[in-house]
Amino acid sequence: MKKFIAEFLGTFWLVLGGCGSAVLAAAFPEVGIGLLGVSLAFGLTVLTIAYSLGHVSGAHLNPAVSVGLLVGGRFSGKELIPYIIAQLIGGITAAGVLYVIATGNGSAVGSFAANGYGELSPGGYGLTAAFVTEVVMTFFFLIIILGATDERAPSGFAGIAIGLALTLIHLISIPVTNTSVNPARSISQAIFAGGDYLGQLWLFILAPIIGAIIAGIVYKSVLKKE
């Protein structure tokens, strides 16, 4: 139970910190944090949870990460579904809290921090570009996670590498999809944004999982210690 509570809290913090920065602070008049600030916010959520709760649950905070770690031989299959449920509940709960805060000054929800392609992409990127982006970004995210947490890696630095990796991923891909690489994060925002964001949600569930599976296979078969 401690593991699942840690995953709930960690995913809650990721969505509240990352998506909250995008919704509340990114475009704040004159002093908004912009894309760089949002990218850092997502990285900082993972960094802080990795060092505070990573020893409890591993700080997956992401169904794709849990799947990738399972395929890579680092995670027990019997815990996969409970982890994903905890992550989804944590993300949706955080989105609910963010909704209350964001509408506290009479503002409309709008697109929230939802992901999208085509007309819903921040830069107008199409389905193919969005799909490739999410698969590749999640692939490298899992490669970094698996490598940084390998027994051969320097001890104590995994959280830094993983947090910085998520920051870099956002710096690259916010213009394309608003950056998912995390189905729990995407589901939480689409629920409140509604409309076509829900119709496009399939991509932000499927593509990160595909990228994570490929990374798990590659690391286990090619990069893992013999």
Side-chain angles (χ1 to χ4, degrees), residues 9-52 59 61-62 90-126 129-130 133-134 136-138 140-141 144 159-201 203-204 208:
L9 293 173
T11 310
F12 183 104
W13 185 235
L14 182 146
V15 170
L16 185 63
C19 295
S21 70
V23 172
L24 301 173
F28 198 83
E30 299 182 17
V31 293
I33 63 175
L35 299 186
L36 175 59
V38 173
S39 300
L40 285 169
F42 272 100
L44 288 171
T45 62
V46 171
L47 177 65
T48 51
I49 292 298
Y51 285 108
S52 58
L61 322 181
N62 180 341
I92 293 169
T93 304
V97 171
L98 180 57
Y99 174 85
V100 172
I101 296 170
T103 57
N105 62 356
S107 297
V109 172
S111 62
F112 226 36
N115 304 109
Y117 56 85
E119 292 184 355
L120 303 184
S121 160
Y125 291 86
T133 296
E134 289 295 328
V136 172
M137 293 299 149
T138 312
F140 275 101
F141 192 36
I144 291 165
I160 297 173
I162 295 167
L164 290 177
L166 190 59
T167 298
L168 178 57
I169 285 167
H170 279 78
L171 288 172
I172 297 167
S173 59
I174 286 178
V176 184
T177 62
N178 215 21
T179 309
S180 171
V181 303
N182 184 338
R185 170 255 189 273
S186 295
I187 291 170
S188 75
Q189 300 303 292
I191 287 174
F192 286 87
D196 291 338
Y197 288 103
L198 283 171
Q200 294 188 1
L201 183 57
L203 187 148
F204 303 103

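Count residues from 1 along the sequence.
- Annotation: side chain of F141 is in contact with side chain of L166 (closest heavy-atom distance under 4.5 Å).
- Nearest approach of A95 to F192, heavy atoms of both residues: CB-CE1, 3.5 Å.
- The backbone N or O of T179 lies less than 3.5 Å from a partner atom in the side chain of R185, making a donor-acceptor pair.
- Here the rule is side-chain contact (heavy atoms from CB on, under 4.5 Å) with N62, and of P183, P208, S180 only P183 fits it.
- Not one N or O on the side chain of Q189 forms a donor-acceptor pair closer than 3.5 Å with the backbone of F112.
- Here the CG-CG distance, from L164 to L40, works out to 9.0 Å after rounding to the nearest 0.5 Å.
- Atom OG1 of T11 is separated from atom CD1 of I92 by 11.0 Å, given to the nearest 0.5 angstrom.
- Separating the CD1 atom in I162 from the CD1 atom in I144 is a distance of 9.0 Å, to the nearest 0.5 Å.
- Taking OG1 from T133 and CG from N115, the interatomic distance works out to 11.5 Å, rounded to the nearest 0.5 Å.
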Which atom pairs, donor and acceptor, lie under 3.5 Å between side-chain atoms of residues 22-37 and protein residues at least two apart or in another chain?
none

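- The two residues Q200 and G116 come nearest to each other via the heavy atoms OE1-CA, 3.2 Å.
- Between the CG atom of L44 and the CH2 atom of W13 there is a distance of 9.5 Å, given to the nearest 0.5 Å.
- Crowding of Y99 atom OH: a count of heavy atoms from other residues, nucleotides or ligands under 6.0 Å not exceeding 12.
- Closest approach of S188 and V15 over heavy atoms only: OG-CG1, 3.7 Å.
- Here OG1 of T177 is found 8.0 Å from CG of L203. Values are rounded to the nearest 0.5 Å.
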Before giving the answer on side chain to side chain contact (heavy atoms under 4.5 Å, CB included), spell out for F12 and V97 the whole-Å C-alpha distance, their side-chain angles and the decisive distance to 0.1 Å. CA-CA 10 Å; F12 183 104; V97 171; 3.8 Å; yes

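- For the pair S107 and N105, the tightest heavy-atom approach, listed with the atom from each and the gap, is OG-OD1, 2.6 Å.
- Take S39 and apply the side chain to side chain contact (heavy atoms under 4.5 Å, CB included) test, not counting sequence neighbours, and it matches T167, H170, L171, I174.
- Residues I187 and I191 have side chains in contact (heavy-atom distance under 4.5 Å, counting atoms from C-beta outward).
- Shown here for Y125 and P175, the closest heavy-atom pair between the two residues is CD1-O, 3.4 Å.
- Taking every heavy atom of both residues into account, A190 and Y197 meet most closely at CB-O, 4.0 Å.
- Side-chain contact check for F42 versus L14: some heavy-atom pair is nearer than 4.5 Å.
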